[in-house]
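Have a look at the structure below, then the notes.
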Amino acid sequence: MPRSPMVVRTVPALRRALESLRARKAAVALVPTMGALHDGHVSLVRLAKRRAQKVVVSIFVNPTQFAPTEDFGSYPRTWKADVAKLAAEKVDLIWNPDVKAMYPEGFATRIAPEGPAIAGLEDRFRPHFFGGVATVVGKLFTQVRPDVAIFGEKDFQQLRVVTQMAADLDLGVRVVGSRTVRERDGLAMSSRNVYLSPEERQTAPVLYCAMKETAKRLKAGEDFEAAISAGRELVTQAGFVVDYFEGRHAETLAPIASVKDGPVRLLVAAKLGKTRLIDNIGV
């Protein structure tokens, strides 16, 4: 049975552990997570191991990125299974602070990202979200001070926001995106997939299929807005309530009118029953 990684829960303990990890000037990679780990997270850890000698995984369900109407209280928490997965991958350190360690009494500072954080995608429906993400990731970067940090491409706007923040604030972290890991039927792996009923789970892969069909149409030279509208309609007809289904510039997330304005990223967010799913692909 693999040895469990060291677990630390306070900033002083984290700093002591990191001093030991950095002996002989070893490079450190950070994989930020909210737990409920699946094979997508494991792929991030494996990429981190290829990029650095030591790997730190943070597990923290961050309350500042949840609105009062969202699922902070019910977000899946699977600590024992998470530790077992990370032990199997021979992770060096788990940073598992509680809310008081991350946001102690009197905490009064927030990061307010702009640029890709106000692109009119996730921010249009979750205006609180990227401020919470940027603040907690900024803290993680300054706490761990990693050489590289690994984020999944499934949360593509988040990846762009974190990349911009790290560059703008000179945090000395190289942010690396990792390809979305999918189920066999194409559904992007997500901790929230457990909310889907069996019937909804059968329908959910339509998101990926619609994006693939849209990408195919765009590559064939079909009118940009017509192809996007057709993809949006496929998702709607399957029973989703669509928040957005859009083609954006893959680097800036700015609106575009043609594949010639690219590179193009297709991004979708839609609710199926009570579960909100997001996904994206490149064209």
Side-chain angles (χ1 to χ4, degrees), residues 32-42 44 59-82 85 99 117-134 136 151-159 161 180-214 228-246 248 253 265-281:
T33 83
M34 294 206 301
L37 305 182
H38 49 68
D39 286 349
H41 295 107
V42 171
L44 303 183
I59 297 178
F60 178 65
V61 183
N62 176 39
T64 67
Q65 67 192 62
F66 289 80
T69 56
E70 293 179 341
D71 59 342
F72 175 73
S74 62
Y75 191 85
R77 291 161 170 86
T78 56
W79 173 254
K80 289 184 179 180
D82 292 349
K85 283 185 173 70
V99 173
I118 53 173
L121 295 166
E122 282 297 289
D123 53 291
R124 189 152 47 100
F125 298 90
R126 306 179 72 198
H128 60 284
F129 180 68
F130 288 119
V133 168
V136 76
F151 289 80
E153 287 188 349
K154 183 180 75 69
D155 300 286
F156 195 78
Q157 189 176 6
Q158 174 179 278
L159 173 61
V161 169
T180 301
V181 177
R182 300 183 179 279
E183 304 287 358
R184 289 186 177 183
D185 58 9
L187 177 64
M189 290 189 178
S190 169
S191 300
R192 288 187 169 95
N193 288 350
V194 298
Y195 298 157
L196 296 167
S197 71
E199 295 78 14
E200 291 167 346
R201 177 62 187 82
Q202 293 295 314
T203 302
V206 168
L207 284 184
Y208 183 52
C209 293
M211 286 191 298
K212 286 201 302 180
E213 176 63 23
T214 303
I228 297 294
S229 295
R232 190 181 297 120
E233 184 62 22
L234 284 173
V235 175
T236 300
Q237 288 179 351
F240 287 85
V241 177
V242 178
D243 282 349
Y244 58 82
F245 187 109
E246 296 195 28
R248 295 293 189 95
L253 298 184
R265 198 85 185 182
L266 298 175
L267 303 104
V268 60
K271 289 181 181 176
L272 188 58
K274 295 181 179 180
T275 306
R276 187 174 186 272
L277 300 176
I278 64 172
D279 204 351
N280 65 89
I281 63 171

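For reference, positions follow the sequence shown, starting with 1.
Taking the charged nitrogens against the carboxylate oxygens, Asp71 and Arg276 have no contact shorter than 4.0 Å, which rules out a salt bridge. Salt-bridge annotation for Asp279 and Arg182: present, with a side-chain N of the basic residue lying under 4.0 Å from a carboxylate O of the acidic one.
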Would Phe72 and Gln65 satisfy side chain to side chain contact (heavy atoms under 4.5 Å, CB included), going step by step from the backbone distance to the final call?
CA-CA 9 Å; Phe72 175 73; Gln65 67 192 62; over 6 Å; no

List the steps and the verdict of side chain to side chain contact (heavy atoms under 4.5 Å, CB included) for Val133 and Val161.
CA-CA 9 Å; Val133 168; Val161 169; 5.6 Å; no

Mind running side chain to side chain contact (heavy atoms under 4.5 Å, CB included) on Leu44 and Val181 for me, showing each step along the way?
CA-CA 10 Å; Leu44 303 183; Val181 177; over 6 Å; no

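In plain terms, the two heavy atoms of Lys85 and Val42 that are nearest each other are CD-CG2, 4.4 Å. Across all non-hydrogen atoms, the minimal contact from Ala210 to Val235 is CB-CG2, 3.6 Å. Closest heavy-atom contact between Tyr195 and Tyr75: OH-CA, 3.4 Å. Minimum interatomic distance between Gly35 and Asp82 (heavy atoms only, all atoms of both residues): CA-OD2, 3.4 Å.
The closest donor-acceptor contact from the side chain of Asn62 to the backbone of Gly132 lies under 3.5 Å. Between the side chain of Arg232 and the backbone N or O of Phe245, at least one donor-acceptor pair lies under 3.5 Å. At least one donor-acceptor pair under 3.5 Å links the side chain of Ser191 to the backbone N or O of Ala36. Asn193 contributes a side-chain N or O that, together with a main-chain N or O of Ala188, makes up a donor-acceptor pair within less than 3.5 Å. Remark: the backbone N or O of Leu121 is paired with a side-chain donor or acceptor of Asp123 at under 3.5 angstrom.
Between atom CD of residue Glu200 and atom NZ of residue Lys271 there is a gap of 13.0 Å, rounded to the nearest 0.5 Å. Once rounded to the nearest 0.5 Å, the distance linking CZ of Arg201 with CG of Leu272 reads 10.5 Å. Between the CG atom of Leu196 and the CD atom of Gln202 there is a distance of 10.5 Å, given to the nearest 0.5 Å. Asp155 CG to Ile278 CD1: the interatomic distance, rounded to the nearest 0.5 Å, is 4.0 Å. Atom CZ of Arg126 sits about 9.0 Å away from atom OG1 of Thr69, to the nearest 0.5 Å. Here the straight-line distance linking atom CG of Asp243 with atom CZ of Phe240 works out to 11.5 Å at 0.5 Å rounding.
Remark: Glu246 engages Arg124, Arg248 in a salt bridge (charged side-chain N to carboxylate O under 4.0 Å, His left out) (not counting sequence neighbours). With sequence neighbours excluded, no residue satisfies ring-ring contact (aromatic ring centres under 6.0 Å, His included) with Phe125.
Side-chain contact between Thr78 and His38: absent, with no pair of heavy atoms (C-beta onward) separated by less than 4.5 Å. Considering only heavy atoms from C-beta on, Leu253 comes within 4.5 Å of Phe156 through its side chain. Two residues are said to be in side-chain contact when any heavy atoms from C-beta on lie closer than 4.5 Å; Leu207 and Leu277 meet this criterion. Side-chain contact between Tyr208 and Ile281 is present, with at least one heavy-atom pair separated by less than 4.5 Å. Between Val206 and Gln237 the shortest side-chain heavy-atom distance does not fall below 4.5 Å. By the 4.5 Å heavy-atom criterion applied to side chains, Phe60 and Pro32 are not counted as neighbours.
A donor and an acceptor atom, one from each side chain of Asn280 and Gln157, are nowhere located under 3.5 Å apart. Remark: the Tyr244 side chain and the Glu122 side chain contain an N/O donor-acceptor pair separated by less than 3.5 Å.
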